[in-house]
Amino acid sequence: MVFHKPPSVIISKDQDELKENVQKFLTARIQHLLEYHGNINIGVSGGSMPKLLCEVWKEMGTIIPWKKMRIFMVDERIVPITHPDSNYGQYIAELPEELHKYVIPAPIQEQDSLHQAAHNYETTLRKEIAPEQMGSTARFDILLLGVGPDGHTCSIFPSTGTERRRLPKLTDFNWVSAVSDSPKPPPKRITLTMPVLNAAKNVAFIITGKEKAHVVKSMYTAATSNTLPLASQSIPAAQVRPMNNNLWYFIDDAAASELKSIPPVPEDAIPPADDEEEEEEEEGDDEEDEE
Ligand SMILES: O=C1O[C@H](COP(=O)(O)O)[C@@H](O)[C@H](O)[C@H]1O
């Protein structure tokens, strides 16, 4: 008996179908979120995601209420934004200039220490997202996460024998931490922390390629069990299980190739998130605000 709703696994036969499914998901979620006050805060990943996501956004056109959107990086490499490794730089290169003001960069200065870079980004997030905090954790409306073949997500990497050099807690909340020795270049990065990922209202992974099929299997095994299976403990992506269970996997056939059996996905292919639960949470938040 699993005590929480399993993730909605939407398998696409190719990149075009994957983009179509991601577009349906974003359209449904954004239309739902528009009923609530404030900006729609979306965390996005780097790597292979910027190109795919910007193509989806171009296809969505005016469905996206850009004036109410704030796009944040879920992680960033400590390089100039003009460097090809900059996640923010990739989005800016893909999007028309008039949309750049809705994409919020991590304020990285080359002379800053990792400590300072993480603290500065946390300060930015606390200014932009503070009203949506659930308790002491930033609460993104949507997180769009990628996964590496080693199971990393954002820049949260599996801890190998030599524990990744973690910076001490930077603030009471620690929404952002830093990595000084990423196994995937470049080595220096800042990243949202796991509590922030699991506090989000909607979390969708977008994963393609056979080299990630074993990670998808571990993620699904973890997401459909009440404890974190041992094999998944070293796979950060398998630890992403949002508290409200609004979790989607948008994967292609190759990334799904190690999934044995998957419950049928509802007819509309993008089952709406458990809005009642979210509304209750929203009301809960409002009650908290009134205290
Ligand atoms: O380095 C990173 O890797 C992950 C996965 O990238 P992908 O190209 O394999 O999809 C990405 O989600 C993260 O934002 C990035 O910094």
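These values consider heavy atoms only, across backbone and side chains, with no hydrogens, waters or symmetry-generated copies. Counting from 1, the numbers follow the sequence of the chain as shown. Just so you know, ligand 1 is whichever comes first in the structure, and atom 1 is the first atom listed for that ligand.
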Kindly give the heavy-atom pair with the smallest separation between Ser45 and Val74, and that separation in Å.
-> OG-CG2, 3.4 Å

Polar-atom distance check: Cys154 versus ligand 1, any N or O pair below 3.5 Å?
-> no

Shortest protein contact, atom 16 (O) of ligand 1 (heavy atom only) = Asp75 OD2, 2.5 Å

Over all heavy atoms of both residues, which pair between Pro242 and Val203 is shortest? Give the atoms and the distance, please.
-> CG-CG2, 3.8 Å

Would you please determine whether Glu76 falls within less than 4.0 Å of ligand 1 on a heavy-atom basis?
-> no

For ligand 1, which atoms, with element, lie under 4.0 Å from some heavy atom of Ser45?
-> 12 (O), 14 (O)

With a cut-off of 4.0 Å, which atoms of ligand 1 are near a heavy atom of Gly47?
-> 6 (O), 8 (O)

Atom indices of ligand 1 within 4.0 angstrom of Ser48 heavy atoms, with elements | 7 (P), 8 (O), 10 (O)

Single-linkage hydrophobic cluster, 4.5 Å side-chain cutoff, Ile92 and Val79 together | no

Minimum-distance protein heavy atom relative to atom 11 (C) of ligand 1 = Gly46 O, 4.0 Å

So, Lys101 side chain and Glu98 main chain: donor-acceptor pair closer than 3.5 Å or not?
-> yes

If every non-hydrogen atom of Pro236 is compared with every non-hydrogen atom of Met194, which pair is closest and at what distance?
-> O-CE, 3.4 Å

Is it the side chain (CB and beyond), the backbone, both or neither of Ser182 that lies under 4.0 Å from ligand 1, heavy atoms counted?
-> neither

Going by the atom numbers of ligand 1, which of them fall below 4.0 Å from some non-hydrogen atom of Lys184?
-> 1 (O), 2 (C), 3 (O), 6 (O)

Under 4.0 Å from ligand 1, counting heavy atoms only, is it the side chain of Leu145, its backbone, both or neither?
-> neither

Answer yes or no for Met49: is there a heavy-atom contact with ligand 1 below 4.0 Å?
-> no

Can you say whether the rings of Tyr91 and Trp57 are parallel (under 30°), tilted (30 to 60°) or perpendicular (over 60°)?
-> tilted

Test side chain to side chain donor-acceptor pair (under 3.5 Å) applied to Asn202 and Asp141, step by step = CA-CA 6 Å; Asn202 300 279; Asp141 292 298; over 6 Å; no

Give the atoms of ligand 1, by number and element, whose distance to some non-hydrogen atom of Asn87 is under 4.0 Å.
-> 14 (O), 16 (O)

Do Lys188 and Ser180 have side-chain N/O donor and acceptor atoms under 3.5 Å apart?
-> no

Could you tell me whether the side chains of Ser12 and Asp252 share a donor-acceptor contact shorter than 3.5 Å?
-> no

Give the atoms of ligand 1, by number and element, whose distance to some non-hydrogen atom of Gly146 is under 4.0 Å.
-> 12 (O)

Does Lys212 have a heavy atom less than 4.0 Å from any atom of ligand 1?
-> yes

Kindly identify the option in His152, Arg189, Glu211 whose heavy atom sits closest to atom 4 (C) of ligand 1.
-> His152

Less than 4.0 Å between a side-chain N and a carboxylate O, is that true for Arg189 and Asp75?
-> yes

